[in-house]
Amino acid sequence: MAEIPKTSITLLKALAGDSTSSRWTEFCRAYEEPMRGFLRANYPSVEPEDVIQETLLVLVKKLPDYHYTPDEHGHFRCYLMGILKHKAVDFLRKRMREQKYIDETRPASEG
């Protein structure tokens, strides 16, 4: 798994202040591979692109209120991977619900 980069407070502040910032490209370059590695290692059956996209959407909403205080609330990488984990679990739950629906609505002759 790729190593998660050291958190740049200036990058987080730039992203928090502008959800359309060009610095999202920098963020994605730094964090995308570690997120993919985390998903491959822990949730190999999820679609990484979908889960990473959902994680980024959460970050766009949460970063304006996020205060980087590693001594009090832990490191940003833990915060990020926590969101990623929840989105992976959401993805798996959705897949299970869809499969259950398919199984329940499948005609008995196809069974």
### Query
Is there a donor-acceptor contact under 3.5 Å from the side chain of Arg95 to the main chain of Ser45?
yes

### Message
Using side chain to side chain contact (heavy atoms under 4.5 Å, CB included), reason through Leu59 and Tyr66 one step at a time and then give a plain yes or no.
### Response
CA-CA 9 Å; Leu59 280 176; Tyr66 178 78; over 6 Å; no

### Message
Within this structure, what is the CD1-CD distance for the pair Ile52 and Glu33, rounded to the nearest 0.5 Å?
### Response
8.0 Å

### Query
Out of Leu63, Ile9, Ile4, which one pairs with Phe76 under the side-chain contact (heavy atoms from CB on, under 4.5 Å) rule?
Leu63

### Query
How far apart are the closest heavy atoms of Pro5 and Pro34, and which atoms are they?
CD-CG, 4.3 Å

## Note on the structure
In terms of heavy-atom contacts, Cys28 and Leu56 come closest through SG-CD1, 3.8 Å

### Message
Please determine whether residues Phe38 and Val58 belong to a single hydrophobic cluster, defined as Ile, Leu, Val, Met, Phe, Trp and Tyr linked transitively by side-chain heavy-atom distances below 4.5 Å.
### Response
yes

### Task
Scan for side chain to side chain donor-acceptor pair (under 3.5 Å) pairs involving residues 9-24, sequence neighbours excluded, and state none if there are none.
Ser8-Thr10, Asp18-Thr20, Arg23-Glu26

Under 3.5 Å, which donor-acceptor pairs link side chains of residues 78-92 to any protein atom two or more places apart or in another chain?
none

### Task
With sequence neighbours excluded, tell me which residues meet side chain to side chain contact (heavy atoms under 4.5 Å, CB included) with Thr25.
Arg29

#### Entry: Minimum heavy-atom distance between His75 and Tyr68, given as atom pair plus value
ND1-OH, 3.7 Å

